[in-house]
Trainee: 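The following block contains the structure, expressed as structure tokens.
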Amino acid sequence: QVQLVESGGGLVQAGGSLRLSCAASGRTFSSRGMGWFRQAPGKEREFVAGITWSGGSTYYVDSVKGRFTISRDNAKNTVYLQMNSLKPEDTAVYYCAAAGSNWYGLGVREYAYWGQGTQVTVSS
């Protein structure tokens, strides 16, 4: 069992930055791939970034490449999403998720545990 709690969301102007954190409890965090997803009103939940259990490999959706960085600290049971150069279209509820394996997946069905989400709003 893994419990996930996101924090760090808020309101920011376009071009600004936010750092999301996801604190995990449970003994299996360090052996699981992790992902960040987001869901805007009226839209499906979409994959944003993923990281393998060791942090050795990461993947980003094209729309955030070069602006967002996913990282993890297994000693602290925490995964992060650094978001720079934010755009209004980044506005969404952001969720972290723990995968069912040591690799990340691109689809929601590949994740076994989810946080409650944190709102990110980017004003123009």
Side-chain angles (χ1 to χ4, degrees):
Q1 190 79 1
V2 176
Q3 289 82 43
L4 303 171
V5 179
E6 301 97 335
S7 61
L11 173 64
V12 64
Q13 289 188 333
S17 298
L18 284 173
R19 187 195 196 199
L20 305 184
S21 298
C22 175
S25 61
R27 294 180 299 167
T28 64
F29 169 80
S30 61
S31 64
R32 294 181 182 270
M34 297 293 295
W36 284 97
F37 287 74
R38 65 187 180 187
Q39 188 167 19
K43 295 188 176 181
E44 293 187 354
R45 193 169 297 189
E46 67 167 348
F47 173 86
V48 174
I51 189 167
T52 54
W53 68 277
S54 66
S57 180
T58 58
Y59 187 84
Y60 302 90
V61 68
D62 285 346
S63 59
V64 308
K65 281 181 181 177
R67 300 189 297 124
F68 290 11
T69 303
I70 188 172
S71 61
R72 67 189 298 161
D73 185 338
N74 285 344
K76 295 182 178 180
N77 273 19
T78 303
V79 63
Y80 305 96
L81 186 67
Q82 177 67 44
M83 305 186 296
N84 298 328
S85 301
L86 282 161
K87 303 175 181 181
E89 51 262 44
D90 294 318
T91 295
V93 177
Y94 283 71
Y95 299 89
C96 73
S101 71
N102 60 7
W103 203 261
Y104 53 80
L106 303 187
V108 295
R109 294 183 179 181
E110 297 174 79
Y111 290 82
Y113 302 99
W114 294 83
Q116 83 289 349
T118 185
Q119 177 70 46
V120 171
T121 303
V122 184
S123 63
S124 58

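Just so you know, these numbers use all the heavy atoms, side chains as well, and skip hydrogens, waters and symmetry mates. Along the sequence shown, residues are numbered consecutively beginning with 1.
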Trainee: Can you find a pair of side-chain heavy atoms, one from Asn74 and one from Arg72, that are under 4.5 Å apart?
Mentor: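 Asn74 reaches Arg72 side chain to side chain.
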Trainee: To the nearest 0.5 Å, what is the distance between CD on Gln116 and OG on Ser7?
Mentor: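 Here the interatomic distance stands at 8.5 Å.
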Trainee: Stepwise, does the side chain to side chain contact (heavy atoms under 4.5 Å, CB included) test hold for Tyr104 with Thr52?
Mentor: CA-CA 6 Å; Tyr104 53 80; Thr52 54; 3.9 Å; yes
Trainee: Under a 4.5 Å side-chain heavy-atom rule over Ile, Leu, Val, Met, Phe, Trp and Tyr, are Leu18 and Val122 clustered together?
Mentor: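 Shared cluster, yes.
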Trainee: Assigning hydrophobic clusters by single linkage (Ile, Leu, Val, Met, Phe, Trp, Tyr; side-chain heavy-atom cutoff under 4.5 Å), is Phe47 placed with Tyr113?
Mentor: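 Phe47 and Tyr113: separate clusters.
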Trainee: Hydrophobic clusters here meaning ILVMFWY residues chained together by side-chain heavy-atom distances under 4.5 Å, can you tell me if Leu106 and Val108 are in one?
Mentor: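 Yes: a chain of side-chain contacts under 4.5 Å links Leu106 to Val108.
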Trainee: Do Val79 and Val64 share a hydrophobic cluster (ILVMFWY, side-chain heavy atoms under 4.5 Å, transitive)?
Mentor: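 Same cluster: Val79 reaches Val64 through Ile, Leu, Val, Met, Phe, Trp or Tyr contacts under 4.5 Å.
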Trainee: Does any non-hydrogen side-chain atom of Met83 lie less than 4.5 Å from one of Asp90?
Mentor: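 Asp90 does not reach Met83 side chain to side chain.
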Trainee: Are Val2 and Ile51 grouped together when hydrophobic residues (ILVMFWY) are joined by side-chain heavy atoms under 4.5 angstrom apart?
Mentor: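 In one cluster: yes.
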Trainee: Take Tyr94 and Glu6 through the side chain to side chain contact (heavy atoms under 4.5 Å, CB included) test and state the conclusion after the steps.
Mentor: CA-CA 8 Å; Tyr94 283 71; Glu6 301 97 335; over 6 Å; no
Trainee: Do the non-hydrogen side-chain atoms of Arg38 and Leu81 ever get within less than 4.5 Å of each other?
Mentor: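 No, every pair of side-chain atoms sits at 4.5 Å or beyond.
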Trainee: Would Asn84 and Ser17 count as having a side-chain donor-acceptor pair, cut-off 3.5 Å?
Mentor: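 Their side chains do contain a donor-acceptor pair, which is all the 3.5 Å distance test asks for.
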Trainee: May I ask you to decide if Ala99's main-chain N or O and Arg32's side chain share a donor-acceptor pair within less than 3.5 Å?
Mentor: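 Checking the backbone N and O of Ala99 against the side chain of Arg32, a donor-acceptor pair under 3.5 Å is found.
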Trainee: In the structure I gave you, are the side-chain heavy atoms of Leu4 and Tyr95 within less than 4.5 Å of one another anywhere?
Mentor: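 A side-chain contact under 4.5 Å is absent here.
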Trainee: Measure the acute angle between the ring planes of Tyr111 and Phe37, then classify it against the limits of 30° and 60° as parallel, tilted or perpendicular.
Mentor: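 Perpendicular: the ring planes of Tyr111 and Phe37 meet at over 60°.
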Trainee: Decide yes or no for Gln119 and Thr91: does some side-chain heavy atom of the first lie under 4.5 Å from some side-chain heavy atom of the second?
Mentor: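 Yes, side chains in contact.
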Trainee: Please list, chain by chain and in numerical order, all residues satisfying side chain to side chain contact (heavy atoms under 4.5 Å, CB included) with Lys65, sequence neighbours excluded.
Mentor: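 So Lys65 forms a side chain to side chain contact (heavy atoms under 4.5 Å, CB included) with Tyr60, Asp62.
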Trainee: Taking the side chain as everything from C-beta on, heavy atoms only, tell me whether Glu110 gets closer than 4.5 Å to Trp103.
Mentor: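 The answer is no; the side chains never approach within 4.5 Å.
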Trainee: Test side chain to side chain contact (heavy atoms under 4.5 Å, CB included) on Val61 and Phe68 and set out the steps.
Mentor: CA-CA 10 Å; Val61 68; Phe68 290 11; over 6 Å; no
